[in-house]
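Worksheet: the structure to be examined is printed underneath.
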Amino acid sequence: MDTYHIRGGYSLNGEVVLSGAKNSVLPIFAASVVTGSQSNITNCPEISDAEKMRDILRMLGCSVTGEGNDIFVDSSQISNHTINEELMSSMRSSVFLAGGILTRCGIAEIGKPGGCKIGKRPIDIHIETLKALGAEVEEKEERLILKTRGLRGNTVNLPFPSVGATENAMIAASRAEGETVINNAAREPEIIDLQNFLNKCGAKIKGAGSSSIAIKGVKEMVPAKYEIIPDRIEGGTFLCMAAATRGEIFIRNAIPEHIETILQALESIGCKIKTKGTGVWLKDCKNIRGTCKVITSPFPGFPTDMQPQITAMIAGMGIAGTIRERIFENRFGYVKELNKMGAGIEICGKNAIISKGNSLVGNNLFAEDLRGGAALVTAALAAEGESSVCGVQYIKRGYCRLDEKLRLLGADIEEDDGERA
Ligand code: UD1
């Protein structure tokens, strides 16, 4: 199993450049299916989830070419409407493909999706949304078979602003007959990115970023080139890691409005932050005080994808914190690992309570999911002594060359791919 070896106690200092957003590239790859045309997607992050999504596109018969950050997807020749169970179960985001495949083939056969183990993560909202747009859905053991004689626009009222269901509805509605309105839509920046991508391909979508999105179905779509936005969660992760080590970093390409609640949380405990254009400076984390209070909620609230990293940062700083997780019911799995380091965190239902005055000592740690893994790295960077973090494959699902970027900031981190043992 791939492992990071981290010697803690070095403060992170310097400049970092963010990769493209994981949560944009996955739905945008999925959306490339609906276009039936060629898309050149740039600033793609080199992460394993994006590689898996490309494998799924190939399996559907798309041509996927290009290297590094610059990828071409040609979906004009779809030849398959079934997603292999292994790929489907390895990544929850593959459910986004249902709307696109249905539009193109009139039928889609998919396994029940997988992904990081952070709660039940049902897909009922996706299914109801596709039904509202004219899909018939049949469940056969572990598989879902969706059929349609042509998707039709409709009003879709989401019971919760699910990011994935909003994206699935946008993709499916973009070529449906007539007009769709998605009410109680998710407002995340990645929803706006998906709208911008689809519109560049000829779709007629407006309202993304608000809770009501209107889509006029179009008959045909066109080739387009599109650049993915920078990853706000990667940005937030570097800020937490740097603050935990009392360092000073400069993020060259952040979008400050996307990380506002993260910046507010850091400022609330005395970190000095400056933003200008796409630059974000974290300066002077020496006079840290007070209690860091965070409640996760859909955008523009504090992102659940930053909850583990900020908890680890608070524990690493030795200050008090209360963290309330309101999106996923099982997202504190990493806390037992932090407690092995001496964090003394108590879980009371949806809350993690971090008490003041604990200090972290290195240990052998096991990541069980992507952001939980990033939290363990954050804690190990701040701890005294050496830690190993096993389960680097989870971290690579969403962070592009995390160890390299951290070394450039002065961290003592090495990856061991297991072959040396
Ligand atoms: C996306 C992000 C993920 C992030 C999450 C919340 C991607 C690729 N992933 O995931 O990183 O943590 O948003 O910001 O963009 N739910 C249902 N039924 C459904 C769908 C969702 O009950 O059909 C529930 C989920 O169990 C969860 C909550 O709604 O409790 C939020 O899920 P959702 O917004 O859909 O997250 P994802 O799109 O899976």
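Each residue takes its place number in the sequence, starting with 1. Remember, it's 1-based here, ligands and their atoms both numbered in the order they're listed.
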Going by atom types only, do [X] and [Y] share a side-chain donor-acceptor pair under 3.5 Å?
X	Y	value
T42	D70	no
Y399	T237	yes
R331	T304	yes

Ligand 1 versus [X]: contacting region, heavy-atom distance under 4.0 Å:
X	answer
I125	both
D305	side chain
I327	both

For K350, does its backbone N or O pair with a side-chain atom of E325 as donor and acceptor, under 3.5 Å?
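Checked: no pair found.
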Side-chain heavy atoms of M221 within contact of L198, under 4.5 Å:
yes
Considering both backbone and side-chain atoms of [X], is one of its nitrogen or oxygen atoms within less than 3.5 Å of a nitrogen or oxygen in ligand 1?
X	result
V163	yes
F160	no
T304	no
E167	no

Just wondering, more than 12 heavy atoms not from E138 lying within 6.0 Å of its CD?
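Yes - once you tally the heavy atoms of other residues, nucleotides and ligands closer than 6.0 Å, there are more than 12.
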State if R331 counts as touching ligand 1 under the rule of any non-hydrogen atom under 4.0 Å.
yes
Answer yes or no for E190: is there a heavy-atom contact with ligand 1 below 4.0 Å?
no
Please report, to 0.1 Å, the donor-acceptor pairs under 3.5 Å made by any side chain of residues 16-32, with sequence neighbours excluded.
| residue | atom | partner | partner atom | Å |
| --- | --- | --- | --- | --- |
| S19 | OG | K405 | NZ | 2.9 |
| N23 | ND2 | D305 | OD2 | 3.4 |
| S24 | OG | D193 | OD2 | 2.9 |
| S32 | OG | F29 | O | 2.5 |

Counting only heavy atoms, tell me which of A30, P122, S162 gets closest to atom 19 (C) of ligand 1.
P122
Atoms in ligand 1 flagged as close to G164, the criterion being non-hydrogen separation under 4.0 Å:
35 (O), 38 (O)
Listing request: all side-chain hydrogen bond (donor to acceptor under 3.5 Å, both in side chains) pairs with a residue in residues 196-216, at least two apart in sequence or in separate chains.
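Listed once each, the pairs are N183-S212.
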